[in-house]
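The chains referred to below are lettered A, B, ... by the order of the sequence lines, with proteins before strands, and numbering in each begins at 1. Worth saying up front: this structure is predicted, and the values here are computed from it rather than measured. When reading the values below, keep in mind they use all heavy atoms of this one structure, side chains included, and skip hydrogens, waters and symmetry mates.
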2 protein chains.
Amino acid sequence: MSHLGYGCLMTVDREQVLRTAAALLSRKATATMDEVARAAGIGRATLHRHFAGRDALVRALEALGIQEFEAALDAARLDDGTAEEALRRLVAGVEPVAGLLAFLVTENQLFEGDQMNEGWARLDARVAALFRRGQEQGEFRIDLTPAWLTEALYGLVGTCAWAVQDGRVAAKDFQYMIAELLLGGARRSVDR
Amino acid sequence: MSHLGYGCLMTVDREQVLRTAAALLSRKATATMDEVARAAGIGRATLHRHFAGRDALVRALEALGIQEFEAALDAARLDDGTAEEALRRLVAGVEPVAGLLAFLVTENQLFEGDQMNEGWARLDARVAALFRRGQEQGEFRIDLTPAWLTEALYGLVGTCAWAVQDGRVAAKDFQYMIAELLLGGARRSVDR
DNA sequence: CCCAAGTGAGACATCAGTGTCTCAATAGCG
DNA sequence: CGCTATTGAGACACTGATGTCTCACTTGGG
């Protein structure tokens, strides 16, 4: 059953552990392996059986985050319909990955090594391309660079994930708050 | 001269050290005391002379961040003029503190202890009050809660500070990018 | 010019976190 | 009902960061 990676009730749910770890580490990067294990509801020994060490854990977090974010990008079909529609689909699809994404964005130390950021750079380019498309089609303003809009999206997703975690924003408002702020801003326009 | 806290050229510039430390620690929370010292251009021993330990350093970071952010809030005169004007003044005044602010927002572990967050909660309330005023005066939309707008401001400031640090956003665009996105969003309105 | 203050570099003991191990207990499966 | 796989708890040594100390050097003031 171990070859399945899941299915056995007594077997640790690898993804669940990683999500919990991301939520904890993104808020307390100095958390102990023991704290991570406790947060995930498993023993330190078990955590070590699945991830050779702290580095391996972080790498796994990185890999899962990139993988899931890429899946969200695929599912959002960024080239279909208006850029606004695509962005809303992206925000919706990113919600389950928000914790992971917050960790990736925060833990900049991942990208100091060499270039595991290759994977990340590719995702970055896809998001930026969406904003560029919106600008070229006259849908988005051109005075905010695609690079900044991309970073802002990441920042807002992470911030909102934390706000939800701390109860400052209702979980059901996650998509709305991010998409509306990013698209329309705080100002009340006359045509809205 | 030590009673002045400054003035002696060979004396370490305490605030400069803290700013450097904030910039480093907000991007690599696991950085060593030695790394912090090197980044600040001083020896580890000297760093230890000024801050008893890592905890003391973080506390000092917290205190300075709160103090300077509060000063920025005062200087922005949040009750004067339109809410938009006040927000733009705040963003402008916050720019020099952006690194410190990014550290405070990211290092949530500060607020796990007891309630040094009292100081933070007060600042939080002031910012939220600005957004609430904007809403009550019909200037801001009411479907985005003041609490969320407050968090979003923090998130965007931190994100933009990092983007500038990494060269993805030009330093001169700091205020514009944040204020414009936060106020108007990415969408190109017909009345703009 | 000399002295006090401050600094950097390094040595050192200490300690918390890490990684590895063993062992008893438990859950699923035949 | 055993058997196997997996887990949690604990013991253990080890590594790296930490905090403290000394000492030589430099700077600025008297």
Side-chain angles (χ1 to χ4, degrees), chain A residues 1-63 103 106-110 112-113, chain B residues 1-62 103 107-110 112-113:
Chain A
M1 52 211 71
S2 66
H3 65 285
L4 291 176
Y6 66 96
C8 187
L9 287 185
M10 73 198 280
T11 297
V12 163
D13 182 345
R14 182 186 168 92
E15 285 203 7
Q16 181 53 39
V17 171
L18 285 176
R19 285 178 205 285
T20 306
L24 173 60
L25 289 176
S26 73
R27 294 314 261 166
K28 187 178 178 183
T30 58
T32 298
M33 287 294 277
D34 191 74
E35 291 180 273
V36 173
R38 301 295 168 156
I42 63 177
R44 194 169 69 96
T46 303
L47 180 62
H48 254 285
R49 282 188 194 100
H50 288 268
F51 306 98
R54 192 192 189 78
D55 287 346
L57 176 65
V58 171
R59 290 288 177 87
L61 241 28
E62 181 185 10
F103 173 77
T106 301
E107 289 304 290
N108 183 277
Q109 72 182 101
L110 295 174
E112 72 172 0
Chain B
M1 51 210 69
S2 68
H3 65 284
L4 291 176
Y6 66 94
C8 188
L9 288 185
M10 72 197 283
T11 298
V12 163
D13 181 345
R14 182 185 168 94
E15 286 202 6
Q16 181 54 38
V17 171
L18 287 176
R19 286 178 204 285
T20 306
L24 174 59
L25 290 176
S26 72
R27 291 315 259 168
K28 187 177 178 183
T30 59
T32 299
M33 288 293 277
D34 190 72
E35 292 180 274
V36 173
R38 301 295 169 156
I42 63 177
R44 195 169 67 97
T46 304
L47 180 61
H48 252 286
R49 283 189 194 100
H50 288 268
F51 306 99
R54 192 189 188 79
D55 287 347
L57 176 64
V58 171
R59 290 289 177 85
L61 241 29
E62 181 186 10
F103 174 77
E107 289 304 289
N108 185 275
Q109 73 183 100
L110 296 173
E112 71 175 0

Separation of atom CG in A:D13 from atom P in D:dT7, rounded to whole Å: 11 Å
B:A23 versus B:S26, closest heavy-atom pair with distance: O-OG, 3.3 Å
End axis versus end axis in the helix from C:dC1-D:dG30 to C:dG30-D:dC1, the angle rounded to 10°, five pairs used at each terminus: 30°
Residues within residues 45-52 of chain B bordering DNA chain C, heavy-atom distance below 4.0 Å: B:A45, B:T46, B:R49, B:H50
Spacing between B:M33 atom CE and C:dC15 atom P, to the nearest angstrom: 18 Å
Interatomic distance where CD1 belongs to A:I42 and P belongs to D:dT6 [whole Å]: 14 Å
Quiz item: A:R38 side-chain donor-acceptor pair to D:dG8 base, under 3.5 Å: no
Sugar-phosphate, base or nothing in reach of B:R44, heavy atoms under 4.0 Å: base
Test item: A:T106 side-chain N/O and A:F103 main-chain N/O as donor-acceptor pair under 3.5 Å: no
Protein-nucleotide distance (A:D34, atom CG; C:dG17, atom C1'), rounded to Å: 10 Å
Rounded distance [0.5 Å steps], OG1 in B:T32 versus CZ in B:R54: 7.5 Å
Nearest-0.5 Å distance that lies between atom CZ in B:R19 and atom CG in B:L24: 15.5 Å
Whole-Å gap separating C1' (C:dT18) and CG (A:L57): 13 Å
Qualifying residue, where the test is salt bridge (charged side-chain N to carboxylate O under 4.0 Å, His left out) with A:E35 and the options are A:K28, A:R44, A:R27: A:K28
Spacing of A:D55 atom CG relative to D:dG16 atom P, expressed in whole Å: 12 Å
Contact check, side chains of B:I42 and B:H50, non-hydrogen atoms, under 4.5 Å: no
Beyond-backbone contact of A:V36 with A:T20, side-chain heavy atoms, under 4.5 angstrom: no
Interatomic spacing from CZ in B:R59 to CG in B:D55 - rounded to 0.5 Å: 6.5 Å
For B:A29 against B:E107, the heavy-atom pair lying closest together: CB-OE2, 3.9 Å
